[in-house]
Amino acid sequence: MRVDHAVTKGTFSLDGETFDVDNNVWVVGDDNECVVIDAPHDVRVILDLVGSRRVVAIVLSHAHDDHVRVAPELARQTGAPLLLHPEEEVLWRLVHPDEPLPAPLADGQEIAVAGGVLRVLHTPGHSPGAVCFQAPELGCVFTGDTLFQGGPGATGRSYSDRPTIERSIRERLFALPAETVVHTGHGADTTIAAELF
Ligand SMILES: [Zn+2]
């Protein structure tokens, strides 16, 4: 089991404003199969990370447009199912009004890949159905926009809530082993220990 990573460049739009952003895309697997975490901006970059491997699933940390822009196209090109927490429906509809809603992710669900699992942690706050994916075999967690190096994700826009994200981080992420490596949706890695508040 290993992690592959790339950065894609594009934009994030919400509430009538647009920003340039660099997004991390993470691929967890082995030489035969993998799971893709988020589908930002550029399907070619993601397919290069996947290579010839079978994609078990494309899992989405949340449905802001910079994380799901190419998700339907990636699903079509790989044949893999899309998975998203159902509380992201309103945000998904803003980005992909004519695409079907992805299959539902549930808190505690485990997605088997490459002899290990990705465990779903529902961590609302940045958005209602934001989730993190813990990989116990790798000692890491993929936090999307819930936790970054330096603190919680943004909560200044629609469908975000600061007390909710703080509670999610304290109750769910700070319950993980302190040495857990945090792979974020934007920017550098950190650890649970480094972000405790
Ligand atoms: Zn976001």
Side-chain angles (χ1 to χ4, degrees), residues 5-28 35-43 45-46 57-75 82-97 99 101-107 118 120-134 140-173 182-190 192 195 197:
H5 167 237
V7 176
T8 67
K9 290 186 176 299
T11 59
F12 164 58
S13 300
L14 190 64
D15 298 339
E17 290 187 272
T18 297
F19 308 89
D20 291 326
V21 285
D22 290 349
N23 278 63
N24 294 321
V25 54
W26 303 98
V27 175
V28 179
V35 169
V36 176
I37 300 174
D38 285 347
H41 306 135
D42 188 336
V43 79
V45 170
I46 302 169
I58 301 157
V59 298
L60 304 167
S61 66
H62 64 301
H64 282 154
D65 64 350
D66 54 328
H67 293 258
V68 303
R69 174 62 66 197
V70 302
E73 185 184 350
L74 185 65
L82 285 173
L83 300 173
L84 175 70
H85 194 282
E87 288 184 52
E88 292 296 278
E89 179 169 1
V90 60
L91 287 165
W92 175 265
R93 292 277 170 236
L94 291 177
V95 186
H96 295 301
E99 297 282 353
L101 194 66
L105 282 173
D107 185 61
L118 288 175
V120 177
L121 307 173
H122 182 210
T123 52
H126 179 67
S127 60
V131 297
C132 299
F133 302 98
Q134 182 198 7
C140 68
V141 62
F142 301 87
T143 56
D145 288 359
T146 294
L147 182 65
F148 294 121
Q149 184 186 69
T155 49
R157 295 186 180 278
S158 296
Y159 312 109
S160 289
D161 186 70
R162 179 77 187 193
T164 304
I165 198 173
E166 290 187 356
R167 186 168 65 247
S168 290
I169 292 168
R170 283 206 186 89
E171 293 183 356
R172 306 305 303 277
L173 297 182
V182 177
H183 297 303
T184 67
H186 305 272
D189 290 346
T190 183
I192 294 297
E195 304 303 334
F197 58 81

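No experiment lies behind these values; they were computed from the predicted model shown. This chain uses plain numbering: 1 for the first residue, then up along the sequence. Atoms within a ligand are numbered from 1 in the order they appear, just like the ligands themselves.
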Would you say the side-chain atoms of Thr123 and Ser168 include a donor-acceptor pair closer than 3.5 Å?
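Absent: no donor and acceptor within the cut-off.
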OD2 (Asp145) to the Zn ion (ligand 1) to NE2 (His126): angle, nearest 10 degrees?
90°
What angle, in degrees and rounded to 10°, do you get at the Zn ion (ligand 1) when you join it to NE2 of His62 and to ND1 of His64?
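Once rounded, the angle between the two atoms at the Zn ion (ligand 1) is 90°.
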Parallel, tilted or perpendicular: which one describes the rings of His64 and His62, with boundaries at 30° and 60°?
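His64 vs His62 ring planes: perpendicular.
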Short check: any N/O/S atom of His67 below 2.8 Å from the Zn ion (ligand 1)?
no
Using modelled atom types only, decide if a donor and an acceptor are shared between the side chain of Gln134 and the backbone of Val141 within a distance under 3.5 Å.
no
Testing the basics here: between Ser158 and Asp15, what is the closest heavy-atom pair and its distance to 0.1 Å?
OG-OD1, 2.7 Å
